[in-house]
Protein chains: 2
Amino acid sequence: MTNPLVMFLSRRDDLSTDEIAALDALTLNSQDYAAGTAMIRQGDRPTSSILVLEGLAARAHYLADGKRMISALHVPGDYVDLHSLLLDQMDHDVTALTDCRVALTAHPEVRRVTERLPHLGRLLWLATTIDAAMHRAWIVALGRMSPLSHMAHFLCEMYIRLDIVGLAKDYSYRLAITQIDLADMLGLSVVHVNRTLQDLRATGMVSWVGSTVSIKDWDGLRELAQFEDAYLNLNKRAR
Amino acid sequence: MTNPLVMFLSRRDDLSTDEIAALDALTLNSQDYAAGTAMIRQGDRPTSSILVLEGLAARAHYLADGKRMISALHVPGDYVDLHSLLLDQMDHDVTALTDCRVALTAHPEVRRVTERLPHLGRLLWLATTIDAAMHRAWIVALGRMSPLSHMAHFLCEMYIRLDIVGLAKDYSYRLAITQIDLADMLGLSVVHVNRTLQDLRATGMVSWVGSTVSIKDWDGLRELAQFEDAYLNLNKRAR
DNA sequence: CGTAAGCTTGAATAAAATCAAGCTTTGTGG
DNA sequence: CCACAAAGCTTGATTTTATTCAAGCTTACG
């Protein structure tokens with residue numbers, strides 16, 4: 001079983017054997033979380049960093065009136081709180097949307113690796129800046145795209161991200177999330193998500209049956225979503 | 001004149017004299033941009049990083065139909081493209097919303113500093129993770145807050161961020177942006193921004209006359225906005 | 001086989017965008 | 001110093017979009 005973090009990073013730059021060994025060492029302790037449980041809670045001060053190995057995790061923010069917003073969806077190979085190495089305190093929850101297997105690494109060990117292997121440290125920094133770039137893409141979609149285009153954009157992004165870590169095949173991937181989760185990612189009501197999803201299906205560009213998404217017309221979906229993958233930094237180059 | 005980046009970072013951790021000297025060296029070459037001009041364009045591959053010294057800069061994304069969305073507003077002390085050190089290509093513009101003075105530092109020089117002073121390197125990493133945290137706060141506001149609360153949240157955030165770099169006094173600060181800019185940050189139409197602004201003024205919590213914002217009732221505004229400053233990492237501690 | 005949880009539908013209501021003016025301020029040139 | 005653009009701000013009316021409310025339906029699973 002390949003380390004998804006290695007897949008994520010080696011898509012962006014070449015890794016030395018030394019660096020790969022260091023990454024593998026970071027993913028030794030694994031732990032499971034059942035769907036619906038919180039890995040990290042608002043207010044926590046984590047002392048280790050969590051890397052998703054299997055499953056889907058979400059950053060969930062709760063408002064005073066009980067509303068929930070999901071600001072990011074994390075797939076295998078994503079560090080959900082690498083930045084907790086630097087940050088004070090979590091201002092949101094990280095929740096397992098599906099059953100998850102994660103790797104835990106104590107912060108001092110992460111720090112040691114970044115100091116011993118500065119190039120690898122830069123790549124971990126890169127991973128957090130890609131997170132920020134994804135956040136910006138979500139902001140644009142939330143602020144200025146129609147629900148239909150927004151949903152298409154989301155499905156395009158998920159396809160690319162899952163493909164990178166080997167979890168997509170023939171433009172199909174598993175996405176075991178509910179319409180409630182989707183509503184909290186798109187900033188819409190569940191009813192509207194349901195109707196928008198029907199509109200999207202009606203275009204024939206996507207089928208989403210059970211938990212399997214199949215993109216039937218990638219070019220059409222890309223255009224509908226105005227999806228440009230530049231923000232995901234998919235080119236392999238020295239960083 | 002104090003270096004705003006030093007103010008930004010030393011609010012979060014103690015800086016050694018060596019580190020302060022290195023930061024000052026990074027801000028030697030300054031350059032001006034008139035309001036409305038682009039510092040960086042989508043598609044650019046910058047070879048130096050830009051730090052805002054004076055003025056306000058925005059990350060602007062343009063959609064096919066001409067719509068604009070602003071995903072971040074940058075104030076003095078903010079690096080607008082520190083990550084371009086790591087990233088491929090800009091996927092958006094950075095525009096001067098007001099007249100700006102910025103500092104330019106060639107990437108190799110930035111990289112050299114981060115390798116020579118790893119702690120300072122971590123603080124620059126921290127700066128980019130704070131950017132990501134602000135993005136998440138904007139996502140939550142866009143997705144699940146009323147326009148009124150969203151606007152209140154924005155004004156709270158601006159107050160704190162400007163205060164840190166010495167640009168706020170007595171809960172007042174200059175914010176020389178148009179309602180068009182504001183609309184593109186909140187994801188609303190200009191007409192609706194105008195009406196929401198009137199509602200906000202009517203609460204008496206804020207006055208915004210000309211380009212001066214004065215918060216009359218900080219606690220009230222904070223509550224309306226559900227503003228929690230944890231995401232800005234204002235505590236000074238070893239990172 | 002029964003029961004949640006999640007999905008779907010229709011109708012009513014609320015929120016926001018759009019359209020189309022008019023108004024105000026600011027800066028500029030005669 | 002005044003006139004006059006141009007940019008930005010404000011307003012009312014209308015249309016579109018999305019939410020809310022209230023059911024009924026479907027599916028997975030113990």
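Just so we're on the same page: letters track the sequence lines, and every chain starts at 1. Quick note: numbers below take in every heavy atom, side chains included, and nothing from hydrogens, waters or symmetry partners.
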Spacing between A:Asp184 atom CG and C:dG6 atom P, to the nearest angstrom: 12 Å
Nucleic acid contacts of residues 142-157 of chain B, taken as heavy-atom distances under 4.0 Å to DNA chain C: B:Pro147
Nucleotides bounding contact with chain A, strand DNA chain D, heavy-atom threshold 4.0 Å: D:dA18 to D:dC21
Residues B:Arg59 and B:Asp81 bridged, charged N to O under 4.0 Å: no
Interatomic distance, B:Gln198 CD vs C:dC23 P [rounded to whole Å]: 16 Å
NZ/NE/NH1/NH2 to OD/OE distance under 4.0 Å, B:Arg12 and A:Asp88: no
A:Asp131: side-chain contact (heavy atoms from CB on, under 4.5 Å) partners, not counting sequence neighbours: A:His74, A:Met134
Proximity to the side chain of A:Thr178 - top-ranked nucleotide from C:dT9, C:dG6, C:dT18: C:dG6
Main-chain N/O of B:Leu56 paired with B:Thr98 side-chain donor or acceptor, under 3.5 Å: yes
Atom-pair distance (CZ on A:Arg195; P on C:dA11), nearest Å: 10 Å
Interatomic distance where NE2 belongs to B:His192 and P belongs to C:dC19 [whole Å]: 17 Å
Nucleotide C:dT9, atom P - distance to CD of A:Gln179 in whole Å: 10 Å
Whether over 12 other heavy atoms sit under 6.0 Å from B:Asp65 CG: yes
Residues, nucleotides or ligands: over 12 heavy atoms within 6.0 Å of A:Gln31 CD: yes
Distance, rounded to the nearest Å, where B:Asn194 contributes CG and C:dT18 contributes P: 15 Å
Side-chain donor or acceptor of A:Asp44 paired with backbone N/O of A:Pro46 under 3.5 Å: no
Any side-chain donor near an acceptor of the partner, A:Asp181 and A:Thr178, under 3.5 Å: yes
Sugar-phosphate, base or nothing in reach of B:Val191, heavy atoms under 4.0 Å: base
Mutual orientation of the aromatic rings belonging to A:Phe154 and A:Trp138 [parallel < 30°, tilted 30-60°, perpendicular > 60°]: perpendicular
